[in-house]
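These figures come from a predicted structure and were not determined experimentally.
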2 protein chains.
Amino acid sequence: MSLPHAILTALLEKPSSGSELTRRFDRSIGYFWSATHQQIYRELGKLERAELIRTLPGGAPTRGQKKEYEVLAAGREELVRWVDRREDPKVARDPLPLRLRAAGVVGLGDLVDELRRHRDLHRDRLEEYREFERRDYPAEPATRQERVQWLVLRGGIDMEAGWISWLTRAVDELSEEASGRGPRS
Amino acid sequence: MSLPHAILTALLEKPSSGSELTRRFDRSIGYFWSATHQQIYRELGKLERAELIRTLPGGAPTRGQKKEYEVLAAGREELVRWVDRREDPKVARDPLPLRLRAAGVVGLGDLVDELRRHRDLHRDRLEEYREFERRDYPAEPATRQERVQWLVLRGGIDMEAGWISWLTRAVDELSEEASGRGPRS
DNA sequence: TGGAACATGTAAGGGGTTACATGATTCA
DNA sequence: TGAATCATGTAACCCCTTACATGTTCCA
């Protein structure tokens, strides 16, 4: 039940249409959640039927026209309840370590190359996040909202750095084994 | 499509029944994937119908009796294909940073306490993983399978350490704000 | 005016979560 | 023999993913 609350948060930060929300999920919210436009439109419909959000007056009723939404008081109250809820951490879910473990049984194949590729993709993402940080938080943030958004961004940065560190070690140890000629790359 | 392959891996490592698999998922495989017994039984049925696994001869046909499965050649081949597949990294999905971001808009409430609670839970899990490491890998592992399993475990350890580091920083910065009296705890 | 890009929406299929059900085993 | 536990299994619901569909706006 995180998507509706992520949408409520985004709409409180700034009233938006479905396509704008999709773009914002690809960017700042995407550090820890992703959503396709289909999910977002379906969820917007649900939230509107539940009277937690409404379309801004003057919204076009037809298909293909932008429809802007804003959060109603009931929506904000629901979000407060969600923030204050006690909820245990979920186990991370990532196929790559699983594939590595499978490779321990059936052989490495080209998996070390795949690990290198992932390491490089994470490096790219890390660089992108660091660029966001330089651009959006050049100085100590003033408001609580900015400080919290910065914290979340640094969570994304730490996460990417962690992956890179682990993948580097894995590539290092496994390429020794694969080649017998010492680490590559 | 990771669960069936996680099950194939586990069964190759050691033929097991559904309940045994459930316990093994709670332990070593669970660093990066979790599954309930319902998921596992459903998936075992699918894998058996697809003739990727079979019940060991002498398995009891009735309900309530243990049924041990082993992997067939086709199952191993499917696992090899999965390991060699090229698949991009997924975005992490975690509600806690989202809740933090929501708190930036609607107010912190008791969220800092919740962050402390999560930090402590991650500390417990980290300690548990480190205990596994001490117990299961006291010396340099000899086989590829052991080295890979150790790498996966260290991935879990790194991940937990990353969470603890981030949560500590978040608690530190936000408790200053919440109290105005400097960091607590 | 016609094609490309944009915006919203529908539908199908699969995985995950939760609640519940049934047979077997164990043991007081 | 009856309750507790174990092992397997069924069912319902919701979210996520992918493919596809329809209307609008922009612009060469």
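- For Arg23(B), counting side-chain heavy atoms from C-beta on, the closest listed nucleotide (dG16(C), dC20(D), dA7(D)) is dA7(D).
- Salt bridge Asp120(B)/Arg123(B): present, at least one basic N to carboxylate O contact under 4.0 Å.
- A sub-4.0 Å separation between OP1 or OP2 of dG23(D) and a side-chain N or O of Gln65(A) is absent.
- Residue Glu43(B) is out of contact with every strand shown, counting any heavy-atom pair closer than 4.0 Å.
- A straight line from CZ of Arg93(B) to P of dC14(D) spans 18 Å, rounded to a whole angstrom.
- Using a 4.0 Å cut-off between charged side-chain N and carboxylate O, Asp113(B) and Arg116(B) make a salt bridge.
- Between the P atom of dC6(C) and the CD atom of Glu20(A) lies a distance of 13 Å, rounded to the nearest Å.
- No hydrogens or angles were tested; on distance alone, a donor-acceptor pair under 3.5 Å links the side chain of Arg42(B) to the base of dG16(C).
- Distance CG (Leu47(B)) to C1' (dG9(D)): 16 Å, rounded to an integer number of Å.
- For Trp33(A) and dC15(D), the shortest distance from a side-chain N or O to OP1 or OP2 is not below 4.0 Å.
- We find that Arg81(A) and Glu78(A) are joined by a salt bridge, their nearest charged nitrogen and carboxylate oxygen being less than 4.0 Å apart.
- In this structure, Glu114(B) pairs ionically with Arg117(B), as a charged nitrogen and a carboxylate oxygen lie closer than 4.0 Å.
- With rounding to whole Å, Leu3(B) atom CG is found 9 Å from dG16(C) atom C1'.
- Between the CG atom of Leu21(A) and the C1' atom of dT8(C) there is a distance of 13 Å, rounded to whole Å.
- When the side-chain nitrogen and oxygen atoms of Gln39(A) are compared with OP1 and OP2 of dT17(D), one or more of them lie within a distance under 4.0 Å.
- Contacts of Thr22(A) with the nucleic acid, taken as non-hydrogen atoms under 4.0 Å apart, are absent.
- Arg99(B) places a side-chain N or O within 3.5 Å of a backbone atom of Arg85(A) that can act as its donor or acceptor partner.
- In this structure, Ser34(B) does not reach the dG16(C) phosphate: none of its side-chain N or O atoms is under 4.0 Å from OP1 or OP2.
- Taking 4.0 angstrom as the limit, Thr36(B) places none of its side-chain polar atoms (N or O) nearer than this to OP1 or OP2 of dT18(C).
- When the side-chain nitrogen and oxygen atoms of Lys46(B) are compared with OP1 and OP2 of dG14(C), none of them lie within a distance under 4.0 Å.
- Atom-to-atom, CD1 of Ile40(B) to C1' of dT8(D) comes out at 12 Å; the value is rounded to the nearest Å.
- Classification of Arg24(B) and Glu13(B) as a salt-bridged pair holds, one side-chain N sitting under 4.0 Å from a carboxylate O.
- Of the candidates Thr9(A), Val80(A), Val71(A), Asp84(A), Val106(B) forms a side-chain contact (heavy atoms from CB on, under 4.5 Å) with just one, namely Val80(A).
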Parsed dot-bracket for DNA chain D after applying the Watson-Crick and G-U rules with both distances under 3.5 Å and | for other-strand partners is ||||||||||||||||||||||||||||
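- Between Arg130(B) and Glu133(B) there is no salt bridge, since no side-chain nitrogen of the basic residue lies less than 4.0 Å from a carboxylate oxygen of the acidic one.
- One can place OH of Tyr41(A) at 17 Å from P of dT22(D), the figure rounded to the nearest angstrom.
- Going from atom NE2 of His37(A) over to atom P of dA19(D) covers 13 Å, rounded to whole Å.
- Counting only heavy atoms from C-beta on, Ser19(A) has its side chain closest to dA7(C) among dA19(D), dT8(D), dA7(C).
- Between Lys67(A) and dG9(C) there is a side-chain polar atom (N or O) within less than 4.0 angstrom of OP1 or OP2.
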